Amino acid sequence: MKKAAKIMAALLVFALLTGVAPALASGEASGGAEDALDISRYEGDWTYMAENSFVLGSGGKQATGADSAASGEVSQDAVYNAVPVWALTGIPYVENPTMVDGGPLQVMNIFVPGAYMTAGPTGGAVIDPEGSMTVDYFDETGELVGAYTWTAQTAPVVFINTVDGYAGSMAFNISGSKAGIYYYEFLEKGFIVVGVTSRGIGLSMGPSREPATVDDDGIVVGKAPAGIVDLKAAVAFLRYNDAVLPGDSEHIFTHGASAGGAMSALLGASGDAAGYKPYLEEIGAADASDAVFGSLVFCPIADLDHGDAAYEWNHKYQTWDSLMGDFTPYQMALHNTLIDIYVEYVRSLGFDLGDDGESGAYYDELTEKLIEALNHGVTVSTYTGEAVTPEEVAAALNTEGSILDRWLAENGLTMDDVLVWNEEKETFEIDGFRILDMSGVYSRRKPVPGFDGNTESGLFGPNGTTEDVSAHFSIVYLEALERLMASEDEEIAAQAAAAYEDCAAEILLVTGSGVTDLMNPMYYLAGNADSTKAQCWRFHIGTSDSDLGTSASWLMYNTLRAADEDYVTEFELIYGAPHSAADYLTVIGSRKIPQNALTWIAQCAAGDVTR
């Protein structure tokens, strides 16, 4: 990284003259050779992956390039490692890791483009102070945007978490696969790629989804805020070892989808926040900043404090439960009350949202973002890289039996009354975001409430126990129950009172502990606690993603834009994409590449993107 240039040049000359391999600036991280967090101790453990040394075929099955060439059979979704790579894997990033199956859980894998390192005199690798990559960057249409030259001191670092459902992240290998994570493309563009294993309420990318991380003593250790604490510790580890690692620790970009998107946003929002300090000290995290420069946030299951209300606002017209059928009168009352609470919440942050939840600038501008996505699908492409016609857009939204289909019939309308393609202006005209809400591609997947009492409740049970216990946590759900207890409908009031008695004490205990604040990026973005925030933000959600991502991202995006700081912010709905790391992709041969994302990272790191 930046500070290492002159040091590493001198060390390399020393090695060439004497034939003796000095440690990778051993002790530079904190001045002691015995420092457990000094990554230079692992200099000899770097391994080399030659260009095109493997091909990834269908289903993530790996084969060597030679084997594939010999058989003459290469899957259409094959991906080669187009640049040589140096890899350092299984490195503990805290002094007091959780022990699982006899080994440390909190480990890190680091992947570096081959140009930035050279083989060490006695094995492994050392930084090449003269190594560099000059890379062309394109937009999704293939048009050249510009070229940047990176070195071991300046290359951006892409820090990827694979958290899903608030499970623990897994320290991936780039010869593996996970949908929407473009390990190879990041490396080809000159970026350092980092993945870590962390605690959580299960392990993502694994053969099973355990309820919570349990250590070798049978103690539950994966409840909140363990997952975000581990990710922060990993960032601090990278910064602590800045002098001896390739990559610029001042330009770390986080990347995550779903609950991982929430973690990416939380890393960007809560840098160096004091509330995490005792947790970081407990696991022996490096004494360094845990702030990041940029956050790529995909479909985040975030702002769980208000998640139950946000989900109902996002699905105002979808008043049914996929398991139980149409809402009961009680469920309908709860649905409407949660929408009212969300409207009040958004207004309390200074945004213009009408009483009905579907008017005012906050709503109208979201509708404009939807129009941009629909237009993109027609004039450029969908997320798969292929364009559609206006008629296909309308047909996809108005599927037979959808709420939109029924609503149109009940009101004597047709699609032409609510969605029109203006050929001259090449734009859709649409009757509000509600058309997407009612469509067949945006169906709700959760009951009411959608989060409290479901998967996310597993996040807020107690650590330090031998039994994995879930806990109610939603303060807005509690508020909704309090309002419904005053209902003139005695049956609704009675049901609300019963639910309140069941969860109130637990919710007040969990929220009173402050742990929900530590898991909520909006707590920091709204200014409730001091933190160092990322400078660059990129929110992406698919138009076929009917989870929490749209409402959560829209609120974070608007909060950042309303701040006094000049944050670089991007919010984009991706036409046709499901709940995923959604991006518009460029088709190149058998590969689909997120050119826009790669270019955005490069431009942000180079300071070429403004608000």
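Nothing here was measured: the structure is a model prediction, and the numbers come from that model.
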_ring-ring contact (aromatic ring centres under 6.0 Å, His included) pairs, two or more places apart, involving residues 396-423_ =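 Every pair satisfying ring-ring contact (aromatic ring centres under 6.0 Å, His included) with a residue in residues 396-423: Trp421-Phe428.
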*Can you list every ring-ring contact (aromatic ring centres under 6.0 Å, His included) pair that touches residues 371-394, not counting sequence neighbours?*
His376-Tyr584
Is [X] salt-bridged to [Y], going by a charged N under 4.0 Å from an acidic O?
| X | Y | result |
| --- | --- | --- |
| Arg434 | Asp356 | no |
| Lys369 | Glu570 | no |
| Glu312 | Arg444 | yes |

So, [X] versus [Y], ring centres under 6.0 angstrom or not?
| X | Y | result |
| --- | --- | --- |
| Phe159 | Phe253 | no |
| Phe571 | Trp554 | yes |
| His335 | Phe327 | yes |

*What class does the angle between the rings of Tyr311 and Phe451 fall in, given that below 30° is parallel, 30 to 60° is tilted and above 60° is perpendicular?*
perpendicular
*Just say parallel, tilted or perpendicular for the rings of Trp313 and Tyr342, cut-offs at 30° and 60°.*
tilted
Just how far is it from atom [atom1] of [X] to atom [atom2] of [Y], taken to the nearest 0.5 Å?
| X | Y | atom1 | atom2 | answer |
| --- | --- | --- | --- | --- |
| Phe539 | Cys299 | CZ | SG | 12.5 Å |
| His306 | Glu344 | NE2 | CD | 11.0 Å |
| His315 | Ser443 | NE2 | OG | 8.5 Å |
| Leu481 | Gln495 | CG | CD | 11.0 Å |
| Ile541 | His579 | CD1 | NE2 | 11.0 Å |

*For Gly357 and Leu353, which heavy atoms make the closest approach, and how far apart are they?*
O-CD1, 3.7 Å
*Heavy atoms only: give me the nearest Asp303-Pro521 pair and the separation to one decimal.*
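Smallest heavy-atom distance, with atoms named: N-CD, 4.3 Å.
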Whether the [X] and [Y] side chains hold a donor-acceptor pair (N or O, under 3.5 Å, no angle test) is what I'd like checked.
| X | Y | result |
| --- | --- | --- |
| Ser531 | Lys533 | yes |
| Tyr442 | Thr550 | yes |
| Thr414 | Asp416 | no |

_Suppose the criterion is side chain to side chain donor-acceptor pair (under 3.5 Å): which pairs have a residue in residues 289-299, not counting sequence neighbours?_
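Those involving residues 289-299 are Lys232-Asp290, Thr254-Ser295, Asp272-Ser289.
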Per-pair distances, 0.1 Å, donor-acceptor, side chain in residues 470-477, under 3.5 Å, sequence neighbours excluded:
unit_1 : atom_1 : unit_2 : atom_2 : d
His472 : ND1    : Asp452 : OD1    : 2.4
Ser474 : OG     : Asp308 : OD2    : 3.0
Ser474 : OG     : Tyr477 : N      : 3.2

*Would you say His540's side chain and Ala582's backbone share a donor-acceptor pair under 3.5 angstrom?*
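A pair under 3.5 Å: yes.
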*Residues in salt bridge (charged side-chain N to carboxylate O under 4.0 Å, His left out) contact with Glu140, at least two apart in sequence or another chain*: none
*Does the side chain of Ile601 come within less than 4.5 Å of Lys189's, by heavy atoms?*
no
*asked:* So, using side chain to side chain contact (heavy atoms under 4.5 Å, CB included) as the criterion, who are the partners of Glu386 when residues are at least two apart?
replied: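 Glu386: side chain to side chain contact (heavy atoms under 4.5 Å, CB included) contacts with Thr384.
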